[in-house]
2 protein chains.
Amino acid sequence: MSDELLRALDQAGVRLTGPRREIAALIAKRNGHFTAADLIADAGKRRLGVGRATIFRLLDLLAEQGLVERVDLPDGRHAYVPCEPSHHHHLVCVACGAIAEVEDCGIDAVTSEASRRSGFTIESHRLELFGRCPNCRSAN
Amino acid sequence: MSDELLRALDQAGVRLTGPRREIAALIAKRNGHFTAADLIADAGKRRLGVGRATIFRLLDLLAEQGLVERVDLPDGRHAYVPCEPSHHHHLVCVACGAIAEVEDCGIDAVTSEASRRSGFTIESHRLELFGRCPNCRSAN
DNA sequence: CACACAATGAGACCAAGTATCAACACCCCG
DNA sequence: CGGGGTGTTGATACTTGGTCTCATTGTGTG
Ligand SMILES: [Mn+2]
Ligand SMILES: [Mn+2]
Ligand SMILES: [Zn+2]
Ligand SMILES: [Zn+2]
C-alpha cells in the first residue's frame, strides 16, 4: 500500500502530514503510469481538500527519493511511474500503461562506447522502452 | 546553412514559404540544442513578422522528417536538436548544449534482453545521454 | 504542551503548446 | 504571364502542466 511511500518519506526527514498521507494513498491505488492530472482528479472525486500545488510538491519529493520517476510518453505527455529506488529503466506498455522495470542490462557498454566515439564524458542517461505488455499483446 | 532543411521540406511536398525560409535560417544559425522560445526570441529580435504558431508548426514538420528531434532535458525543459534523419541517439552537453549524434551502438542487445526478461514486445525506445563535451570538460 | 518552522492551499503567474479562423500567398494550370 | 484553389499564416483565445507567493495552518521536538 502507501506505507512504503510514507516510510520512505519519514526516512527522508520530511513531515508526515495529512495531505501527504492522502496523496500517497492515491498513488498506491494506481497501477501503471499516471499523470499529475490523474491524481488531481482522484483527489477532487473524493473531495479531499488537497491543493494542486501540494500534489506537484509531493511528486517532486518522491522523485528526489527515487520512489517515482517521470517518463515522457511518446505522445508528449508527462507521466509518473512508481519505482524502486535502485532500478533505473522502464518499459512502458503503450496500450494499457503497464510498467516493467528492467535493471541495467548492458547499457554501460553502450554509454562507454558512445563516450569513446564522441569524446564526451557521460554523466547520466535516460532510456525508455515502449512496447506492449504480454496482456495487451495477446489481446491483440 | 538552411539549404538542407529547405531542400528536405521541398522534397516532402510542402510549400517553401517566406516564413519557413526565415525560420529555417534561424535554426541553421543555432548550434547545439535550442528551444522553441529561443527561435521565437530570435525572430522577435530581427523583427521578422513570423507568428509563434508558425514556428511550432515548422518544428513539427521538421520533426516528422527527422530533421530535428525533441529532447527532454534533465531540468524538464523541451529542446530541439538538428539531426540526421537516420541517426537516432543524442549526447547532450549539460554545460554548453552541444550535441553529438551516436548511431546505434549495441542498444539492440539491451532491448532484446529487456524484452526477454519482461515478456514485453518492444516497439520503440528513447535513449538520451547527458554529459560534458570535450571543450566543457577541459574548461572544467 | 508550546512554539519554530515546515507545509499547505488559493490564486496569480508562467511555459509550451494547440485550436480557430479570416486573410494571405504559393505555385499549378491554362 | 495572370488567375485562383488550396496550403499557409498570424492574431488571438484556450489548454495543459507546472511554479511562485504568501498568509494561514499543523507537525514534531524539546
Ligand atoms: Mn524505476
Ligand atoms: Mn539525431
Ligand atoms: Zn499493456
Ligand atoms: Zn559543452
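If you're wondering where the values come from, they're calculated on a predicted model, not measured in any experiment. Naming: A, B, ... by sequence-line order, numbering from 1 per chain.
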Qualifying residue, where the test is side chain to side chain contact (heavy atoms under 4.5 Å, CB included) with A:H89 and the options are A:E103, A:H125, A:E69: A:H125

To the nearest 10 degrees, how far apart in direction are the end axes of the helix from C:dC1-D:dG30 to C:dG30-D:dC1, each fit to five base pairs? 30°

Can you give the first and last nucleotides of DNA chain D, 5' to 3', that have an atom under 4.0 Å from a heavy atom of chain B? D:dG5 to D:dG10

Taking side chain to side chain contact (heavy atoms under 4.5 Å, CB included) as the definition, give me every residue that meets it alongside B:A25, ordered by chain and number, with sequence neighbours left out. B:S2

Are the side chain of A:R126 and the backbone N or O of B:L129 linked by a donor-acceptor pair below 3.5 Å? no

Using the side chain to side chain contact (heavy atoms under 4.5 Å, CB included) criterion, which residues pair with B:E22? Sequence neighbours excluded. B:L48, B:V50

Check: A:L127 and A:V102 side chains under 4.5 Å, non-hydrogen atoms: no

If you look at every heavy atom in A:C93 and A:C133, which pair is closest and at what distance? SG-N, 3.4 Å

Side chain to side chain contact (heavy atoms under 4.5 Å, CB included) involving A:A8 - partner list, sequence neighbours excluded: A:L67

For B:D3, all residues meeting side-chain hydrogen bond (donor to acceptor under 3.5 Å, both in side chains), sequence neighbours excluded: none

Looking only at heavy atoms, which two atoms of A:L6 and A:R21 are closest? And how far apart? CD2-CA, 4.0 Å

With sequence neighbours left out, write down each residue that passes side chain to side chain contact (heavy atoms under 4.5 Å, CB included) with A:R70, or none if nothing qualifies. A:D72, A:H78, A:Y80

Expected list for residues 105-117 of chain B: side-chain donor-acceptor pairs under 3.5 angstrom, two or more places apart:
{"residue": "B:T111", "atom": "OG1", "partner": "B:D108", "partner atom": "O", "Å": "3.0"}
{"residue": "B:S112", "atom": "OG", "partner": "B:D108", "partner atom": "O", "Å": "3.1"}
{"residue": "B:S112", "atom": "OG", "partner": "B:A109", "partner atom": "O", "Å": "3.2"}
{"residue": "B:E113", "atom": "OE1", "partner": "B:R116", "partner atom": "NE", "Å": "3.4"}
{"residue": "B:E113", "atom": "OE2", "partner": "B:R116", "partner atom": "NH2", "Å": "3.1"}
{"residue": "B:E113", "atom": "OE2", "partner": "B:R117", "partner atom": "NE", "Å": "2.9"}
{"residue": "B:E113", "atom": "OE2", "partner": "B:R117", "partner atom": "NH2", "Å": "3.3"}
{"residue": "B:S115", "atom": "OG", "partner": "B:F120", "partner atom": "O", "Å": "2.8"}

Sugar-phosphate means primed atoms, P, OP1 and OP2; the rest is base. With that split, encode nucleotides 7-18 of chain C 5' to 3' as B, S or - using protein heavy atoms under 4.0 Å. SBB------SBB

Which ones in residues 38-47 of chain A lie close to DNA chain C, meaning a heavy atom under 4.0 Å from one of its atoms? none

Do A:V94 and A:L91 land in one hydrophobic cluster if side-chain heavy atoms of ILVMFWY residues count as linked below 4.5 Å? no

What residues from residues 22-30 of chain B pass a heavy-atom cutoff of under 4.0 Å to DNA chain D? none

Closer than 3.5 angstrom, by distance alone: can the side chain of B:R137 be matched with the main-chain N or O of A:G119 as a donor-acceptor pair? yes

Please table the atom pairs, donor to acceptor, closer than 3.5 Å between any side-chain atom in residues 33-44 of chain B and protein atoms at least two apart or in another chain.
{"residue": "B:T35", "atom": "OG1", "partner": "B:A37", "partner atom": "N", "Å": "3.4"}
{"residue": "B:T35", "atom": "OG1", "partner": "B:D38", "partner atom": "N", "Å": "3.0"}
{"residue": "B:T35", "atom": "OG1", "partner": "B:D38", "partner atom": "OD1", "Å": "3.4"}
{"residue": "B:T35", "atom": "OG1", "partner": "B:D38", "partner atom": "OD2", "Å": "3.2"}
{"residue": "B:D38", "atom": "OD2", "partner": "B:T35", "partner atom": "N", "Å": "2.8"}
{"residue": "B:D42", "atom": "OD1", "partner": "B:R30", "partner atom": "NH2", "Å": "3.1"}
{"residue": "B:D42", "atom": "OD2", "partner": "B:R30", "partner atom": "NE", "Å": "3.0"}
{"residue": "B:D42", "atom": "OD2", "partner": "B:R30", "partner atom": "NH2", "Å": "3.2"}

Give a yes or no on whether the backbone of B:E84 and the side-chain of B:E101 come within a donor-acceptor separation of less than 3.5 Å. yes

